[in-house]
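These notes are about the structure you will find just below.
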Amino acid sequence: MPAEPIHLFHIAYSDATLEGMPAGFELLDNMAHERDDWREYWPIRRFLLEQPLDEEAWYGFFSPRFKDKIGLGALHVREFVQAAAATGVDVCTFSPQPDMGAFFLNVFEQEDLFHPGFLDISQAFVRHVGLDVALRQLVMDSRQIVFSNYIVARPSFWRRWLELNEQLFVLCEQGEGELADGLRRESSYPGSVPCKVFLMERLASLILTLEQGWRVRAYNTFDCAWSASRLNQFRLEAVLSDALKIAMREQGFTQYRDAFAALRDKLR
């Protein structure tokens, strides 16, 4: 059988990022800067809304720092996806910053460390869209966590991703009140990035955690770039923490949660 098409898009937003497009990627042009307040969501959204998708193909949308963060070129990404496709997988994830994934129960708690109040506003959003989940207790491990939207997936996943993110988009564009105002508020992150962008980047992990039907293959996060925080020093502890979270999700024994908490407390 012929290999299924794999479309890997490089998001270019400047002359430098256009010139630096790696071999094997297709261009996703964001040079017009129509809505920089949405960062990568804007060009991905436009593509998914405007372009017909091949149901037999795979699609991925990557910022210019993908190679720096993941260490893979287009050829190796395609090889990984092709191998996963042969086993019936729907979604492949390539997630950097393994320490940011491992040392927190989930990606919402992780961002709350750097952006206090983020967990509460994320909880308000999931309640707004009708999802019955307590984010403070939700456990995510390296099989669900993906930062930066570094995903290659079939159209079915991207449609679900767009559906949930469009609810965020409509709320931020048209909504009034405390929740909409909080999502539009700029964070302390360099470049005045609004809170809504950090939530958008975490909704893929939420989908993969809550919706059990997705068949996922995660590239080894521990082979990717670690964060710039001091947590990057504790690499063995990060591996152990992720393993404990996998055990928490699979077995549910309180001893695994207690061990995870004890290990994390040593790093505070």
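Values reported hereafter were calculated over all heavy atoms of this structure, with side chains retained and with hydrogens, waters and symmetry mates removed.
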With rounding to the nearest 0.5 Å, note down the distance linking CG in Leu203 to CZ in Arg160.
9.5 Å
Does atom CD of Glu176 have more than 12 heavy-atom neighbours, drawn from other residues, nucleotides or ligands, at distances under 6.0 Å?
no
Step by step, work out the side chain to side chain contact (heavy atoms under 4.5 Å, CB included) result for Leu28 and His10.
CA-CA 6 Å; Leu28 186 56; His10 169 89; over 6 Å; no
Less than 4.0 Å between a side-chain N and a carboxylate O, is that true for Lys196 and Asp37?
yes
Do the side chains of Lys266 and Glu237 get close enough for a salt bridge, i.e. N-O under 4.0 angstrom?
no
Indicate yes or no: does Glu109 engage Arg264 in a salt bridge with an N to O separation below 4.0 Å.
yes
With a 4.0 Å cut-off on N to O distance, would you call Asp120 and Arg136 a salt bridge?
yes
Is the closest basic N to carboxylate O distance between Glu250 and Lys245 below 4.0 Å?
no
Please determine if Arg159 and Glu55 form a salt bridge, counting it only when a charged side-chain N lies under 4.0 Å from a carboxylate O.
yes
Tell me if a side-chain donor or acceptor on Thr221 pairs with a main-chain N or O of Ser95 at a distance below 3.5 Å.
yes
Please check this pair: side chain of Asp242 against backbone of Asp141, looking for a donor-acceptor N/O pair closer than 3.5 Å.
no
So how far is it from Cys92 SG to Phe157 CZ, rounded to the nearest 0.5 Å?
11.0 Å
Less than 4.0 angstrom from a charged side-chain N to a carboxylate O is my criterion; do Arg39 and Glu201 meet it?
no
Tell me, which pairs form a ring-ring contact (aromatic ring centres under 6.0 Å, His included) where one or both residues lie in residues 117-140, sequence neighbours left out?
His115-Phe118
Show the numbers, then the answer: is there a side chain to side chain contact (heavy atoms under 4.5 Å, CB included) between Leu8 and Phe61?
CA-CA 6 Å; Leu8 307 178; Phe61 309 93; over 6 Å; no
